[in-house]
S.K.: 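So that we are looking at the same thing, I have put the structure below in structure tokens.
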Amino acid sequence: MMFQLACDPSGVVVETTTKELVHALISWGSKLDHILQVLLSHILGSAQRCAPLSGVEGSVESHLRVLGERERWNVDVLLRLLAELLPYVHQKAVETCPFPSISDSTGVLFTESLLELYAGGNVEWSAFEWLHIECFPNLIQLASLLPQKEDNLRNRITRFLLAATQHFGEFYLTHIMLPVFLVAVGDTADFKFFPFTAQTKLRGLRPQTAMAQTLATMCVLPLLLAGVLGHASKRDYLTEYLRNLLIQSSGQDGQPANHEIVNSVRFICTFEEHHNMIFNILWEMVVSSDVNLKISAARLLKVIVPYVDAKLASAHVLPALVTLGSDQNLNVKYASIDAFGAVAQHFKNDMIVDKIRVQMDAFLEDGSHEATIAVVRALVVAVPHTTERLRDYILLTFYLWNIFFLNFKYWFFHIFHFTASPPPSSDIARRRERANAFCESIRALDATDIPASSVGNFLLPAIQNLLKDTDALDPAHKEALEIILKDRSGGTFDAISKVMGAHFGLASSVGSFFGDSGLLGKKEIGDPGAPQLETIEPPKPVPPPPVEDTRFRRIMRGGFSDMLRGKAKGNDETPPSQ
């Protein structure tokens, strides 16, 4: 009955049960041992009863569990209850200490001398052993069932481990907790402060297979880093351990740090007190001569972006990414593009967005297939969030609406430009990759509020360009694009199809973009003097530019990017869209 109340859907019932009923039962019936045993069973059982993340036998995901809302709630409140019982566990360990000579006026101290006596194994001390022989292994087993998205539950376990250190002290942390979690992640551990029988049980936590090692790195390593080494007394140890982990893992097999290690570092970034330490290590990796370390740094910067504020992003993340984005090694450069997309997704202030746009221009100016695909995929993530933020400015002033419109033109221009460029006919794999990337971009942009002029000048032409290369289009993408084209045409689908039927090439100069008849010189649809969509004439085809002087570079040299960044300097400056 008590555990049913503890897991009640009502927070008030849970709070009352945890704070009053449980404590009353412990004080009245002296049933702490039984409550702890049943509690661990319920915590682990709630997760084990859930379906596996994947039905593919032998995969990592088949070992993880998909927790429903009810199961997640149960595990969460039971972990909270476990933390509430920790003072009782400590008190009972003190009261049953078989070595009364090791004490002071405040009670038993868990010193090295006391732990050495415990390691002798001559007496039984079950109340003390429960925590590291029963509780920690069960929490390790629970953590090994939790997929990455269950950070809240992983955080609960971490808080419990930090609280255990607060109650039992730094010697307990160093000589008892640390060896347990080191062996659980497959590292070397010193068990000299454990009795022989306890050593035998705990050494069984060591991963025995490659799959078990992967799970330990993915699921248990975050607890070691944040819950054990994350204590203030282990800050130097954590820094050295993490530095060695990243450097050694990036050097193995000539590959960057794997996903499991990157995710573990991501988790400790959910704790603000570790940010400075993480960035110190990241800067060492960024300025390293090792390519793998730089790629690992880019991946780490991408995953930690959601956990830093704008100040840290400006002071550390962006400068580090600009350094990586300027690297001579193309793999390092391309690895930084995804991270820039993550920054654009999470930060909307003008300074950060402007720096990202400058860097994206530099990537696109390279003109390579890989850079183009990476930038487009990064913008797929960033654009919907950016436009939602900028939409708020429309409600303030007409001037800010112009800036909003220019921002749309900036993003749409890149997609339109690259969809209009000739596909590499000799490489069908690249054509398909290219088409898929732009289809994803257009479908993401279609889900946002788009100015009518951008629809006519950029979105619809980009779709028409993509539909020309039918061999490279996935059937599902093709169907989606045709639906978008029909819906967005507003009843002028036939006219658009006729207009777009001819080859749609880019203008050969900046003047033809910004002139009265150019794409960017058109007035907003809905203006009294604006020409109707049916009367828009397609630009004349232009021959493919030479490799050494792409159309995009000519546009960039003509100041297109600067104009689109549009910093208003006076009322006499008119946005190019007007």
Side-chain angles (χ1 to χ4, degrees), residues 83 86 90 109-112 115 131-132 136 139-140 143 151 154-193 216-250 257 260-288 293 296-297 299-301 303-309 311-313 315-317 320:
L86 191 55
H90 175 262
L109 295 177
F110 294 89
T111 61
E112 281 191 1
L115 296 178
L131 194 59
H132 50 270
F136 292 164
L139 293 180
I140 288 170
D151 271 354
R154 199 170 288 109
N155 187 283
R156 285 284 183 201
I157 301 174
T158 299
R159 298 292 183 187
F160 175 82
L161 297 176
L162 293 171
T165 298
Q166 292 300 113
H167 282 88
F168 287 85
E170 294 181 19
F171 291 111
Y172 182 84
L173 168 65
T174 301
H175 300 306
I176 303 295
M177 289 183 66
L178 184 56
V180 171
F181 282 87
L182 282 175
V183 76
V185 299
D187 280 348
T188 302
D190 184 0
F191 283 95
K192 71 177 183 179
F193 288 93
T217 305
M218 177 188 299
C219 303
V220 185
L221 181 59
L223 301 183
L224 169 64
L225 296 177
V228 181
L229 299 180
H231 191 266
S233 64
K234 293 295 180 186
R235 184 161 299 170
D236 292 340
Y237 193 121
L238 173 61
T239 302
E240 193 61 27
Y241 186 92
L242 194 56
R243 181 185 288 112
N244 292 337
L245 179 69
L246 291 171
I247 292 175
Q248 290 174 4
S249 63
S250 297
E260 291 79 24
I261 291 175
V262 170
N263 181 58
S264 296
V265 179
R266 176 201 64 82
F267 178 69
I268 66 173
C269 285
T270 61
F271 298 87
E272 187 176 347
E273 59 266 28
H274 300 310
H275 285 175
N276 288 335
M277 179 267 296
I278 293 295
F279 280 114
N280 287 338
I281 296 175
L282 278 172
W283 270 112
E284 292 180 28
M285 299 169 68
V286 168
V287 300
S288 169
L293 281 179
S296 296
R299 294 178 179 176
L300 286 168
L301 287 165
V303 300
I304 68 178
V305 163
Y307 309 105
V308 301
D309 56 22
K311 183 178 180 180
L312 279 176
H316 294 287
V317 177

S.K.: Look at the side chain of His167 and the backbone N and O of Ala163, then say whether any donor-acceptor pair between them is shorter than 3.5 Å.
M.R.: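 Looks like yes, one N/O pair under 3.5 Å.
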S.K.: Rounded to the nearest 0.5 Å, what's the gap from CG on Leu238 to CG on Leu245? Could you check?
M.R.: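 These two atoms lie 10.0 Å from each other.
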S.K.: Please check if the side chain of Ser264 supplies one atom and the backbone of Leu225 the other of a donor-acceptor pair under 3.5 Å.
M.R.: no
S.K.: Starting from the C-alpha separation in whole Å, work towards a yes-or-no answer on side-chain contact (heavy atoms from CB on, under 4.5 Å) for Ile140 and Val180.
M.R.: CA-CA 10 Å; Ile140 288 170; Val180 171; 4.2 Å; yes
S.K.: In Å, rounded to the nearest 0.5 Å, how long is the span from CG of Leu229 to NE2 of His274?
M.R.: 9.0 Å
S.K.: Using salt bridge (Lys or Arg N to Asp or Glu O under 4.0 Å) as the criterion, list what pairs up with Arg266, not counting sequence neighbours.
M.R.: Asp151
S.K.: With a 4.5 Å cut-off on side-chain heavy atoms, are Leu86 and Gln166 touching?
M.R.: no
S.K.: Kindly give the heavy-atom pair with the smallest separation between Ala164 and Leu131, and that separation in Å.
M.R.: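 The answer is CB-CD2, 4.3 Å.
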S.K.: Looking at CZ of Phe181 and CG of Leu223, how far apart are the two atoms once the value is rounded to the nearest 0.5 Å?
M.R.: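 Answer for the CZ-CG pair, Phe181 versus Leu223, is 6.0 Å.
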S.K.: Report yes if the side chains of Val228 and Leu173 come closer than 4.5 Å at any heavy-atom pair, otherwise no.
M.R.: yes
S.K.: Going from CG on Leu224 to OH on Tyr241, what distance comes out if it is rounded to the nearest 0.5 angstrom?
M.R.: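 Atom-to-atom, Leu224:CG and Tyr241:OH are 5.0 Å apart.
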S.K.: Just checking Glu272: does its CD atom have more than 12 heavy atoms from other residues, nucleotides or ligands closer to it than 6.0 angstrom?
M.R.: no
S.K.: Are His175 and Asp190 close enough, and set up right, to give a side-chain contact (heavy atoms from CB on, under 4.5 Å), and what steps lead you there?
M.R.: CA-CA 8 Å; His175 300 306; Asp190 184 0; over 6 Å; no
S.K.: Within a strict 4.5 Å, meaning less than it, do heavy atoms of the His231 and Leu161 side chains meet?
M.R.: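 Side chain of His231 against side chain of Leu161, heavy atoms only: no contact under 4.5 Å found.
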S.K.: Is any side-chain heavy atom of Ile278 closer than 4.5 Å to one of Leu300?
M.R.: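 Contact flag for Leu300/Ile278 side chains = no.
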S.K.: Once you round to the nearest 0.5 Å, how far does CG of Leu282 lie from CG of Leu246?
M.R.: 7.5 Å
S.K.: What is the minimum heavy-atom distance between Ile281 and Thr239, and which atoms define it?
M.R.: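 Result for this residue pair: CD1-O, 3.8 Å.
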S.K.: For Ala216, check side-chain contact (heavy atoms from CB on, under 4.5 Å) against everything at least two apart and list the hits.
M.R.: Pro207, Gln213
S.K.: I need the minimum non-hydrogen distance between Ile304 and Cys269, along with the two atoms involved.
M.R.: CG2-SG, 3.4 Å
S.K.: In terms of ring plane angle, is the pair His275 and Phe279 parallel, tilted or perpendicular, where the classes change at 30° and 60°?
M.R.: perpendicular
S.K.: Does either side chain, that of His132 or that of Tyr172, offer a donor lying less than 3.5 Å from an acceptor on the other one?
M.R.: yes
S.K.: With sequence neighbours excluded, what pairs up with Glu170 under the salt bridge (Lys or Arg N to Asp or Glu O under 4.0 Å) test?
M.R.: none
S.K.: Apply the test side-chain contact (heavy atoms from CB on, under 4.5 Å) to residues Leu221 and Phe267: give CA-CA distance (whole Å), side-chain angles for both, the deciding distance (0.1 Å), then the verdict.
M.R.: CA-CA 10 Å; Leu221 181 59; Phe267 178 69; over 6 Å; no
S.K.: Would you indicate whether the side-chain heavy atoms of Asn263 and Val303 approach each other to under 4.5 Å?
M.R.: no
S.K.: For Phe271 and Thr158, run side-chain contact (heavy atoms from CB on, under 4.5 Å): C-alpha distance rounded to whole Å, both residues' side-chain angles, the deciding distance at 0.1 Å, then the answer.
M.R.: CA-CA 10 Å; Phe271 298 87; Thr158 299; 3.6 Å; yes
S.K.: How many angstroms lie between CG in Leu301 and OG in Ser296, if you round to the nearest 0.5 Å?
M.R.: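 Spacing of CG (Leu301) from OG (Ser296) equals 11.0 Å.
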S.K.: How would you list all residue pairs meeting salt bridge (Lys or Arg N to Asp or Glu O under 4.0 Å) that involve residues 231-240, not counting sequence neighbours?
M.R.: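 Listed by first then second residue: Glu240-Arg243.
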S.K.: Tell me, please, which residues at least two apart from Asn280 pass side-chain contact (heavy atoms from CB on, under 4.5 Å).
M.R.: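 Partners of Asn280 by the side-chain contact (heavy atoms from CB on, under 4.5 Å) criterion come out as none, since no residue qualifies.
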S.K.: Which of parallel (below 30°), tilted (30 to 60°) and perpendicular (above 60°) describes Phe160 and Phe136?
M.R.: perpendicular
S.K.: Can you see which heavy atom on Ser288 is nearest to which on Leu293, and at what distance?
M.R.: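 Ser288 and Leu293 have their closest heavy atoms at OG-CD1, 3.4 Å.
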S.K.: Indicate the atoms forming the closest heavy-atom contact of Val262 with Arg299, along with that distance.
M.R.: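 Smallest heavy-atom distance, with atoms named: CG1-O, 4.3 Å.
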S.K.: Side-chain contact, heavy-atom cut-off 4.5 Å: Val287 with Trp283?
M.R.: yes
S.K.: Check side-chain contact (heavy atoms from CB on, under 4.5 Å) between Met218 and all other residues, then give those that pass, not counting sequence neighbours.
M.R.: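 For Met218 the side-chain contact (heavy atoms from CB on, under 4.5 Å) partners, ignoring immediate neighbours, are Val60, Leu64, Glu260.
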S.K.: Which pair of non-hydrogen atoms, one from Gly230 and one from Leu162, has the smallest distance, and what is that distance?
M.R.: C-CD2, 4.1 Å
S.K.: Tell me, with the steps shown, if Phe110 and Phe171 meet ring pair (Phe, Tyr, Trp, His ring centres under 6.0 Å).
M.R.: CA-CA 7 Å; Phe110 294 89; Phe171 291 111; over 10 Å; no
